[in-house]
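Data block below; observations after.
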Amino acid sequence: MSTMNISIPESMKLWVQSQIETGLYANASDYVRDLIRRDQSRSDKFAALQAAITKGMKSGVSDQSIEAVLKQAREMAQED
């Protein structure tokens with residue numbers, strides 16, 4: 001595992017220490033790794049959403065009514 005040194009303001013250091021004191025994290029490294037994992041997940045979800053939006057924009061205009069599109073979306077949501 002690699003090592004990385006960072007500088008943070010005292011207020012952030014106190015926050016990290018308070019998170020460790022909750023017992024959810026063994027140390028500051030555990031906390032930072034969790035933050036990075038969450039950020040990676042958020043970034044992946046954002047990229048997937050952006051790809052879906054781009055695909056939708058490129059697909060053109062539908063000849064279906066709004067009601068038909070909404071009905072189809074509700075049906076698809078219920079299948080999941």
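All residue numbers refer to positions in the sequence shown, counting from 1.
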Report task. Considering only Ile, Leu, Val, Met, Phe, Trp and Tyr, and joining two whenever side-chain heavy atoms are under 4.5 Å apart, list the other residues clustered with M57. Result -> L49, I53
Report summary line: By side-chain contact (heavy atoms from CB on, under 4.5 Å), E21 pairs with (sequence neighbours left out) none
For residues 5-12, run the donor-acceptor check on the side chains, cut-off 3.5 Å, and write out each pair with its distance to 0.1 Å, sequence neighbours left out.
none

Requested in this report: Apply side-chain contact (heavy atoms from CB on, under 4.5 Å) to V32 and list each qualifying residue two or more places apart in sequence or on a separate chain.
Outcome: I36
Under 3.5 Å, which donor-acceptor pairs link side chains of residues 59-67 to any protein atom two or more places apart or in another chain?
from: S59; atom 1: OG; to: G56; atom 2: O; distance (Å): 2.7
from: S62; atom 1: OG; to: Q64; atom 2: N; distance (Å): 2.9
from: S65; atom 1: OG; to: A68; atom 2: N; distance (Å): 3.1

Query raised in the report: What residues join V16 in its hydrophobic cluster, counting side-chain heavy atom gaps under 4.5 Å, either direct or through other members?
Result: W15, I20, L24, Y25, Y31, L35
Query raised in the report: Can you pull the side-chain hydrogen bond (donor to acceptor under 3.5 Å, both in side chains) pairs that have at least one residue in residues 38-49, sequence neighbours excluded?
Result: D34-R38, D39-R42
